[in-house]
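We name chains A, B, ... by the order of the sequence lines, and we start the count at 1 in each one. Because the structure is predicted, anything quoted here is derived from the model rather than measured.
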Amino acid sequence: MNQSTITRCVAALLLGGAVLATGAQAVAPAEILAGYSAQAGAPPSPARGQQLFNTRHGGEWSCASCHGAAPTQAGKHASTGKAIGALAPAFNAERFTDLARTDKWFRRNCNDVMGRECTYAEKADVLSWLLALKP
Amino acid sequence: MHPFPRLTMRRALPGLLALLALAGAALADGGDRAARLPLLPKYQQECAACHIAYPPGMLPAASWQRTMSNLQRHYGTDASLDPATAQELTTWLAANAGTYKRVSGQPPEDRISRSAWFIRKHDEVAAATWKLPAVKSAANCSACHTQSDQGDFNERNIRIPR
């Protein structure tokens, strides 16, 4: 075992420990946005994101039906009434810190509201708008 | 510095705690035990975002299996999961299904709220009460059972909204 193998082993152990401790790897909302924008191949537009969020797309619900038109506050599930924590990261530190969770909810909710999944560009638009909402 | 003992402790501790919680719950109330089963953390995480975590014991295994294989069309909403998580939850639900003492047969729409025992137990609730804005649906257990997010459906903790 040479020096670099040992270093690599230690690094792997530390990483493993971090993953064990947190369950999932935490990321920052800005990193998720950067990922979506890169996939979209174009810069995001907060104005388009707001528009998408607050309009209905042929179905019964808009995003705002559950999250509120100002997702800086808690929302309420449109059919079950259960409280939903604020969506804008500046008002809820847990938001957009776990890519798998974020992707899961985008998939489900875009499907409910638009009858299809959102594109990377649409997800980047919405997230860029949410990130622009500050106290 | 040996990593193994710590790792083992980390694995063993949650198991020990779960066992202790189980023993405590069993001692505390024999009758309610089925409803107060300690929930799998993943079940709590995945199945309590839109409503309470319904007690696994209140539906038969076949109902849970059908529910879990049709999450994309789940009572008017998309509740789809990745296959590995869905499989893990299905296994756990099936293993803990049907333990509530009155469960018999598969209710319509695989709804707890349409089980024969449920209708019997709630026959004193007025029709107008189910329609209150604060209730809206019989599936909204927590509107009346104030501790139902803890698996507690005891009469003591019922408050009917007005």
Side-chain angles (χ1 to χ4, degrees), chain A residues 1 6-24 26 57-63 65-67 74-87 92 94-95 97-118, chain B residues 1-14 40-42 44-54 70-86 88-89 111-113 130-146 148-149 161:
Chain A
M1 266 230 242
I6 292 171
T7 318
R8 249 185 273 140
C9 282
V10 171
L13 269 175
L14 285 175
L15 200 74
V19 171
L20 266 179
T22 59
H57 301 260
E60 188 186 343
W61 294 325
S62 69
C63 308
S65 304
C66 292
H67 294 293
K76 210 171 117 186
H77 194 285
S79 66
T80 66
K82 189 161 199 262
I84 301 174
L87 207 51
N92 183 348
E94 284 178 22
R95 289 299 177 207
T97 54
D98 174 346
L99 181 59
R101 188 178 70 206
T102 299
D103 275 337
K104 176 183 70 187
W105 283 104
F106 264 129
R107 182 187 71 232
R108 291 171 167 176
N109 295 348
C110 289
N111 198 18
D112 277 348
V113 170
M114 309 169 55
R116 61 168 175 84
E117 290 193 28
C118 283
Chain B
M1 258 293 280
H2 209 279
F4 291 110
R6 274 197 61 205
L7 252 175
T8 321
M9 247 336 254
R10 237 201 212 132
R11 286 228 184 97
L13 206 58
L40 188 72
K42 199 165 255 178
Q44 181 75 46
Q45 186 186 311
E46 298 295 350
C47 300
C50 304
H51 46 62
I52 63 149
Y54 296 116
N70 200 22
L71 284 176
Q72 209 175 342
R73 271 177 287 283
H74 181 76
Y75 305 95
T77 193
D78 182 344
S80 57
L81 284 170
D82 65 276
T85 305
E88 185 183 341
L89 295 182
R111 280 184 183 269
I112 297 169
S113 62
W130 296 118
K131 299 206 181 82
L132 290 171
V135 180
K136 268 174 55 181
S137 163
N140 189 8
C141 318
S142 61
C144 306
H145 296 276
T146 58
S148 57
D149 57 344

Quiz prompt | Heavy-atom pair of closest approach, residues A:Asn111 and B:Asp78 | solution =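 Here A:Asn111 and B:Asp78 meet closest at ND2-OD2, 2.8 Å.
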Exercise. Go through the atoms of A:Arg107 and report whether side chain, backbone, both or neither lie under 4.5 Å from a heavy atom of chain B.
Key: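 It is both, since atoms from each part get that close.
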Quiz item: What residue in B:Ser142, B:Ala139, B:Ala79 has the most heavy-atom pairs under 4.5 Å with chain A?
Solution: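 Most pairs with chain A among the choices: B:Ala79.
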Exercise. Identify which of B:Pro133, B:Cys50, B:Ser137 forms the greatest number of heavy-atom pairs closer than 4.5 Å to chain A.
Key: B:Cys50
Quiz item: Considering only heavy atoms, which portion of B:Leu81 lies under 4.5 Å from any heavy atom of chain A: side chain, backbone, both, or neither?
Solution: both
Quiz item: Is the number of heavy atoms from other residues, nucleotides or ligands under 6.0 Å of A:Arg116 CZ greater than 12?
Solution: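 Buried by this count: over 12 neighbours within 6.0 Å.
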Quiz item: Within a radius of less than 6.0 Å around NZ of B:Lys136, do more than 12 heavy atoms belonging to other residues, nucleotides or ligands occur?
Solution: yes
Practice problem: Please tell me if the side chains of A:Lys104 and B:Glu46 come closer than 4.5 Å, counting only heavy atoms from C-beta onward. | Solution: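 A:Lys104 vs B:Glu46: side chains touch.
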